K.L.:
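What follows is a structure written as structure tokens; I'll ask about it next.
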Amino acid sequence: MLIPELRSHPDERVLLEVRKHWFVFLVAAGTSFALILLPFVAAILLSAFGPSAIALFGTPYWTIFAALWLLLTFMHLATVWTEYVLDSIIVTEKRVIFIEQKALFSREVVSLRLELVQDVTVDTEGIFATLLTYGTVHAETAGAEANLAVMHGIPDPGHVKDVILQQSAVCIRERGGR
């Protein structure tokens, strides 16, 4: 496994692993696709200004600019894809792990012990989130070192909340708590 937190507990069984909703990726990737088309749209619009503007597109400067632009937009698309693939919530028998890829070389992993989970809330905002059933999951622990973990764009966040709370209750019963 790629996540060191899971390797350190080989006896833990993964109950649920959820990645972000496909629509969240589609919206973010849509920006990249729009940016990819920008040099071509600019070429079409500038061609309306006559032959002198069209001659600009045959120059090495235009070719270098277009190549760099496409390279940067494909890098943006690769970053969006990497964040989509690596962001996830993993619920095990003992913990809930929030993994968020912040950038290509920056990842935040929050691991919460289930017997300490005090509150799990779900936010669904907007028409697309409501129709496609995705939203934000917030999990908060109790104790001296209270932690808050948040993950946006999770499909069926109500189900994720239920699994976390049910397993939290199991962990509390096993420890002889509440």
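The residues of the chain are indexed from 1 along the displayed sequence. Note that this is a predicted model, so its numbers are computed, not measured.
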K.L.:
Got a sec, which pairs hit ring pair (Phe, Tyr, Trp, His ring centres under 6.0 Å) with one end in residues 108-130, sequence neighbours left out?
P.N.:
Phe23-Phe128

K.L.:
Starting from Val122, walk the hydrophobic network (Ile, Leu, Val, Met, Phe, Trp, Tyr; side-chain heavy atoms closer than 4.5 Å) and list everyone else you reach, by chain and number.
P.N.:
none

K.L.:
Once ring pair (Phe, Tyr, Trp, His ring centres under 6.0 Å) is applied, what residue pairs with a partner in residues 76-104 remain, sequence neighbours excluded?
P.N.:
Phe25-Trp81, Phe25-Tyr84, Trp81-Tyr84

K.L.:
Would Leu77 and Met75 show up in the same hydrophobic cluster when neighbours are defined by side-chain heavy atoms closer than 4.5 Å?
P.N.:
no

K.L.:
Start with the C-alpha gap between Gln118 and Thr141, add the side-chain angles, then the distance that decides, and say whether side-chain contact (heavy atoms from CB on, under 4.5 Å) holds.
P.N.:
CA-CA 5 Å; Gln118 184 178 29; Thr141 62; 5.9 Å; no

K.L.:
How far apart are the closest heavy atoms of Pro157 and Gly135, and which atoms are they?
P.N.:
CG-N, 3.8 Å

K.L.:
Applying side chain to side chain contact (heavy atoms under 4.5 Å, CB included), can you list everything that pairs with Val160, at least two apart in sequence or on another chain?
P.N.:
Leu16, Val18, Ile89, Val137, Ile154, Ile164

K.L.:
Examine the side chains of Thr121 and His138 and answer whether a donor and an acceptor come within less than 3.5 Å of each other.
P.N.:
no

K.L.:
Spell out, yes or no, whether Val110 and Leu165 are grouped together once hydrophobic residues are joined by side-chain heavy atoms under 4.5 Å, including indirect joins.
P.N.:
yes

K.L.:
Once rounded to the nearest 0.5 Å, what's the spacing between atom OG of Ser88 and atom CD of Gln101?
P.N.:
10.0 Å

K.L.:
Would you say the side-chain atoms of Glu115 pair up with the backbone N or O of Ile172, donor to acceptor, closer than 3.5 Å?
P.N.:
no

K.L.:
How close do Trp69 and Leu35 get, counting heavy atoms only, and between which atoms?
P.N.:
NE1-O, 2.6 Å

K.L.:
Given side chains that start at C-beta, do those of Val85 and Thr82 come closer than 4.5 Å, heavy atoms only?
P.N.:
no

K.L.:
Can you sort out the partners of Thr130 under side chain to side chain contact (heavy atoms under 4.5 Å, CB included), two or more places apart, ordered by chain and number?
P.N.:
Thr124

K.L.:
Test of understanding: with side chain to side chain donor-acceptor pair (under 3.5 Å), list the residues that count as partners of Asp119, not counting sequence neighbours.
P.N.:
none

K.L.:
Between Lys94 and Glu12 (salt bridge meaning N to carboxylate O under 4.0 Å), is one present in this structure?
P.N.:
no

K.L.:
Carefully, step by step, assess Ile97 and Val109 under the rule side-chain contact (heavy atoms from CB on, under 4.5 Å).
P.N.:
CA-CA 7 Å; Ile97 304 165; Val109 178; 3.7 Å; yes

K.L.:
Might you confirm whether atom CG of Leu71 has over 12 heavy atoms from other residues, nucleotides or ligands at distances under 6.0 Å?
P.N.:
yes

K.L.:
Is any side-chain heavy atom of Leu15 closer than 4.5 Å to a side-chain heavy atom of Thr92?
P.N.:
no

K.L.:
Hydrophobic cluster membership, with links at side-chain heavy-atom distances under 4.5 Å among I/L/V/M/F/W/Y: are Leu26 and Leu86 in one?
P.N.:
yes

K.L.:
Taking side chain to side chain contact (heavy atoms under 4.5 Å, CB included) as the test, write out the residues that go with Glu100, two or more places apart.
P.N.:
Asp87, Lys102, Met151

K.L.:
With sequence neighbours excluded, tell me which residues meet side chain to side chain donor-acceptor pair (under 3.5 Å) with Glu108.
P.N.:
none

K.L.:
Using links of under 4.5 Å between side-chain heavy atoms of ILVMFWY residues, direct or through other members, which residues join Ile64 in one cluster?
P.N.:
Leu68

K.L.:
Among residues at least two apart in sequence or on other chains, which ones pass side chain to side chain donor-acceptor pair (under 3.5 Å) with Lys161?
P.N.:
none

K.L.:
Just jot down the ring-ring contact (aromatic ring centres under 6.0 Å, His included) partners of His21, sequence neighbours excluded, or say none.
P.N.:
Tyr134

K.L.:
If you round to the nearest 0.5 Å, how far is SG of Cys171 from CG of Leu114?
P.N.:
4.5 Å

K.L.:
Quick one: list whatever passes side chain to side chain contact (heavy atoms under 4.5 Å, CB included) with Ile36, sequence neighbours left out.
P.N.:
Phe33, Leu70, Thr73, Phe74

